[in-house]
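Structure first, commentary second.
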Amino acid sequence: MRGALNYIEIANKIFFIPGEKDGRYPFSNSLFIDDDIKVLIDTGMGHKLAAELAKEKKIDLVLISHGHEDHTACNYLFKDAKICCHKLDAPAVRSVAKLKELYGSPPGTELEKSLDSYLRDFFGLKDSRVDLEFENSHVFDLGSIKLNVIHTPGHSAGHCCFSVPSEHLVFLADIDLSTFGPWYGCMDSDVDRFITSIGNIKALDFEVAIPSHKPITYGRETINKKLDVYLNKIFEREKKLTDFLNKERTVPEIVLQAFIYQEFPEPKGIYEHFEKIMIEKHLERLVRKNLVTRTNSGFKLL
Ligand SMILES: [Zn+2]
């Protein structure tokens with residue numbers, strides 16, 4: 001039922017919990033593992049669903065894939081659980097102010113104010129505890145199930161996927177297989193690392209992939225095909241950008257083209273800002289590869 005808490009068993013003791021709006025942003029999907037140690041991955045399913053879940057299940061561990069608001073918003077409801085995330089994303093989970101900083105909004109600006117009210121009022125985001133900081137290859141032994149941490153930076157510095165090798169299953173988090181493609185609009189996002197992370201996931205042997213904002217994908221071939229399409233979005237964007245740089249262009253001119261968003265959703269100011277950060281990351285990458293050069297007022301193809 002739409003909007004109701006739903007536990008969908010996808011493997012022994014492993015349940016998919018679709019977020020509100022089928023996990024589309026501003027919500028996200030979760031995974032619940034009902035082993036000796038009870039685990040919830042991410043808390044962005046929506047306040048109502050998360051409150052219900054917190055009441056029904058005694059969660060021991062909350063694992064956070066990364067520090068973005070749509071994955072952490074309901075941490076506060078799991079008072080008795082240990083909250084765990086990668087050490088590089090722990091500061092953003094702990095502090096809304098730190099997350100805002102990572103979104104690159106200069107203090108005291110209109111943008112900062114609107115981002116602040118977006119996070120605190122719209123999301124109800126609060127500072128959170130982090131009780132355990134993990135790193136790549138950390139293994140959570142839950143009783144009969146072993147859950148592995150796969151550090152997959154790019155979307156954020158501490159972004160992680162979680163795998164259950166015995167079930168050939170991976171929680172992909174925001175390697176989300178969306179048609180939008182990879183998102184790297186934070187100061188700690190990194191296009192090159194994102195590309196490497198997608199490659200690393202592809203190299204592993206998974207039959208079940210659970211993205212944070214899309215339905216579950218089954219079958220190794222289908223998963224790999226979707227990962228390729230998703231990865232290619234980066235190169236498609238870069239192609240549009242390099243074509244446009246056939247003459248000198250300023251950054252505001254490039255941002256107006258909306259090569260990444262196509263159309264800016266509301267609140268427009270915030271999404272234009274993300275477009276700018278993502279475009280700047282492409283420009284840095286192209287300059288590093290000696291394909292594009294910096295000019296007095298902008299950038300141009302070499
Ligand atoms: Zn995210």
Side-chain angles (χ1 to χ4, degrees), residues 17-31 40-46 50 62-75 83-105 115 118-120 122-126 128 130 134 149-162 170-191 193-198 201 209-214 227 230-231 233-234 237 260-261 265 267 270-271 273-278 281:
I17 301 182
E20 274 184 50
K21 278 178 65 184
D22 295 322
R24 284 193 300 276
Y25 189 86
F27 304 103
S28 66
N29 299 321
S30 286
L31 208 62
L40 177 69
I41 299 180
D42 283 349
T43 67
M45 65 189 76
V62 169
L63 305 188
I64 295 298
S65 62
H66 65 292
H68 293 165
E69 67 285 352
D70 52 323
H71 299 258
T72 64
C74 296
N75 284 8
I83 296 184
C84 319
C85 72
H86 190 278
K87 66 171 187 178
L88 293 177
D89 271 29
V93 176
R94 287 198 175 104
S95 151
V96 180
K98 177 70 195 174
L99 177 62
K100 231 167 45 183
E101 218 179 283
L102 286 175
Y103 279 132
S105 56
L115 199 58
Y118 183 65
L119 292 175
R120 293 184 201 274
F122 176 69
F123 265 95
L125 192 67
K126 301 171 175 52
S128 163
V130 174
F134 52 69
V149 171
I150 311 171
H151 183 209
T152 43
H155 178 71
S156 73
H159 182 277
C160 287
C161 299
F162 302 100
V170 64
F171 185 85
L172 287 177
D174 272 1
I175 300 181
D176 67 2
L177 307 180
S178 63
T179 48
F180 177 84
W183 189 93
Y184 31 87
C186 261
M187 306 316 280
D188 69 337
S189 305
D190 187 300
V191 180
R193 287 200 182 126
F194 215 137
I195 293 170
T196 306
S197 290
I198 296 169
I201 287 294
I210 303 131
S212 281
H213 303 289
K214 286 278 157 192
L227 282 168
Y230 183 74
L231 171 68
K233 277 277 168 190
I234 294 180
R237 292 165 181 168
I260 292 164
Y261 276 95
I270 291 180
Y271 288 96
H273 170 72
F274 291 149
E275 174 93 14
K276 177 168 175 278
I277 294 182
M278 289 167 76
K281 291 196 189 280

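In listed order, ligands and their atoms are each counted from 1.
The Zn ion (ligand 1) has an N, O or S atom of H155 under 2.8 Å away, backbone or side chain. Among the atoms of D174, an N, O or S atom falls under 2.8 Å from the Zn ion (ligand 1).
Angle NE2(H66) to the Zn ion (ligand 1) to ND1(H68): 100° [nearest 10 degrees].
Of the listed residues (H66, H155, H159, H151), just one forms a ring pair (Phe, Tyr, Trp, His ring centres under 6.0 Å) with H86, and that residue is H151.
Relative orientation of the F171 and F162 rings is tilted, given thresholds of 30° and 60° on the angle between their planes. Classified by interplanar angle (parallel below 30°, tilted 30° to 60°, perpendicular above 60°), the ring pair H213/H71 is perpendicular.
Two rings, from F274 and Y261, have their centers 6.0 Å or more apart.
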